[in-house]
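A quick note: this is a predicted structure, and the numbers were derived from the prediction, not measured.
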Amino acid sequence: MKSKQMKVLFVTNLYPTKNNPDYGVFTKDQIQSTLENGVTGDVLFINARENGIREYFKALKRINDAYKDYDLIHCFHGLSLIVTFLATKNKPILISFLLAIKYESLHKNYIINKIYSLTYNTIIKSKRVFSIFKDELPEHLFSNGRSFYLPNGVDLSEFFPINREAACKALSLDPNKTYVLFVSSKDKFRLVKRYDLFSKTIQILKDNSKTLNIDELVLSNVPRDQCIYYFNVASVHLLTSDYEGSPNSVKEAMSCNTPVVSTDVGNVKQMFNGASNCFISPQDPAIFAEYVLKAIIEPPCDLRNVLIENKLTVQDKTNELVDIYRKIIEKQVNIKKQQYN
């Protein structure tokens, strides 16, 4: 089956809006990339972030009314999976988890966390449900034939090196300062992102490296076309998170040849393969500070080429995703043929 024949319904609760222009932008980018590579389809956005939990209940009917016209349903985030699974039958579903299942819908309440995890693990046992993981494939799913490791790719035409002084001017920043970048798309103070550790690291650097004139730079809820300036202004991107899937900010920084210091989360270690000026650090402000300084003084590295060598471009990952679509649809066609015969 050729990719141009595939029709996909994309169901997501993560998608940019006017008030939150960078919310789920990576989802929009991935969908757009597949549509530019022979796939046809439509987006069904569950805007619960702005309109509340009732949007999930409304989505049950919306999905049920629409899904029969498509070859495959591709869900983004576990909550979208739950709604889609309940609203459909027989049709294959592909779920892209953002994080490891235990973190996918992390809640302060331990019991609610367990319910979410149990629900996701139960649903993906269904033979019509296929799973994508962005950090690593869970060991118990290695052999089920319905699970895939596929991190997001980065668009090198959207993130690339530009003149630093021009980037500083675009953001009205001081070119004489050394900026360390913190990225949290939804909210600077999201607990998982650990701005507290980032802030402590900046203070240590200010106290002990006064000649560098170090300051923080925060990228949060910024229009997409402005992000490139942040990555080019920064001397280092510091990621202090407790956990991640496949952090897009790391790939976006590397696309701009900006070195990265990160906790050992998601697939960051794989991203850094071949990157001489990017470092994995324990979650300790003093050690973060040491690695940030090291990243600043290390000789430059062609981090864009590292991404290409590690096949982390959007085109690489789109090709893999379209191939996954094809395999799922062909598998379902063969099952139907067997049932008919």
Side-chain angles (χ1 to χ4, degrees), residues 8-36 39 41-56 58-59 62-63 66 72-84 93-101 103-107 116 120 131-135 150-155 158-159 182-193 218-228 230-231 239 241 243-253 255 265-267 312 314 317-318 321:
V8 179
L9 176 62
F10 302 98
V11 179
T12 180
N13 58 355
L14 301 159
Y15 211 73
T17 66
K18 183 178 180 180
N19 295 328
N20 295 280
D22 68 338
Y23 181 64
V25 70
F26 54 88
T27 301
K28 180 182 178 182
D29 289 347
Q30 186 175 76
I31 292 171
Q32 186 60 40
S33 185
T34 62
L35 295 176
E36 291 170 357
V39 174
D42 299 287
V43 178
L44 194 155
F45 175 36
I46 305 169
N47 190 6
R49 177 178 172 85
E50 294 179 346
N51 299 330
I53 195 170
R54 66 182 181 276
E55 290 298 307
Y56 289 107
K58 290 180 181 178
R62 293 172 63 202
I63 295 168
L72 169 70
I73 309 166
H74 186 176
C75 302
F76 297 82
H77 193 270
L79 293 177
S80 298
L81 169 65
I82 294 174
V83 175
T84 300
I93 297 170
L94 175 64
I95 168 63
S96 285
F97 287 109
L98 297 180
L99 303 163
I101 286 178
Y103 296 132
E104 182 72 0
S105 298
L106 194 65
H107 194 277
Y116 275 131
Y120 296 144
S131 308
I132 284 176
F133 295 89
K134 299 183 183 299
D135 51 357
L150 184 70
N152 291 340
V154 64
D155 189 343
E158 189 169 349
F159 291 92
F182 178 82
V183 180
S184 179
S185 62
K186 302 182 187 74
D187 178 1
K188 172 180 175 179
F189 297 106
R190 280 178 65 203
L191 292 179
V192 61
K193 295 293 186 177
V218 175
L219 194 167
S220 183
N221 208 26
V222 169
R224 191 65 164 166
D225 61 357
Q226 296 290 304
C227 293
I228 187 173
Y230 285 80
F231 288 109
L239 189 144
S241 300
Y243 55 85
E244 294 276 355
S246 179
N248 294 296
S249 66
V250 171
K251 285 166 278 193
E252 290 162 356
S255 296
V265 290
N267 69 332
L312 286 167
V314 69
K317 297 309 170 190
T318 299
L321 179 58

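- Side chains of L321 and L94 form a contact here, defined as non-hydrogen atoms less than 4.5 Å apart.
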Verdict with supporting geometry, V11 and V83, side-chain contact (heavy atoms from CB on, under 4.5 Å): CA-CA 9 Å; V11 179; V83 175; over 6 Å; no
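- Residues V8 and T34 fail the side-chain proximity criterion, which asks for heavy atoms closer than 4.5 Å.
- A salt bridge does not link E244 to R190: none of the charged side-chain nitrogens sits closer than 4.0 Å to a carboxylate oxygen.
- The side-chain heavy atoms of N221 and P21, taken from C-beta on, include a pair separated by under 4.5 Å.
- Note that CD1 of I63 and NZ of K58 are 14.0 Å apart. Values are rounded to the nearest 0.5 Å.
- Of the possible polar contacts, one joining the S80 side chain to the N13 backbone as a donor-acceptor pair under 3.5 Å is found.
- Here the side chains of L81 and F97 are in contact, with some heavy-atom distance below 4.5 Å.
- Remark: the backbone N or O of E104 is paired with a side-chain donor or acceptor of H77 at under 3.5 angstrom.
- Between D135 and Y243 the shortest side-chain heavy-atom distance does not fall below 4.5 Å.
- Results of the side chain to side chain donor-acceptor pair (under 3.5 Å) test with R49 over T17, N20, N19 single out N20 as the only residue that passes.
- Considering only heavy atoms from C-beta on, F26 comes within 4.5 Å of L98 through its side chain.
- Checking K251 against S246 by side-chain atom types alone, a donor-acceptor pair falls below 3.5 Å.
- One distance of note links CG of N248 with OG of S185; it measures 8.5 Å at 0.5 Å rounding.
- Between atom CG of residue L35 and atom OG1 of residue T318 there is a gap of 10.0 Å, rounded to the nearest 0.5 Å.
- Side-chain contact check for S255 versus F231: every heavy-atom pair is 4.5 Å or farther apart.
- Sparse packing is recorded around OH of Y116, with 12 or fewer heavy atoms of other residues, nucleotides or ligands lying under 6.0 Å away.
- Atoms CG and CD1, from N51 and I46 in turn, are 11.5 Å apart once rounded to the nearest 0.5 Å.
- Taking 4.5 Å as the limit, some side-chain heavy atom of K134 sits within range of a side-chain heavy atom of N152.
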Between I31 and Y15, does the side-chain contact (heavy atoms from CB on, under 4.5 Å) criterion hold? Intermediate values first, please. CA-CA 10 Å; I31 292 171; Y15 211 73; 4.2 Å; yes
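- S220 places a side-chain N or O within donor-acceptor distance of the main-chain N or O of S184, the cut-off being under 3.5 Å.
- How far CZ of R224 is from CG of D29: 5.0 Å, rounded to the nearest 0.5 Å.
- Note that CG of L44 is 10.0 Å distant from CD1 of I73, once rounded to the nearest 0.5 Å.
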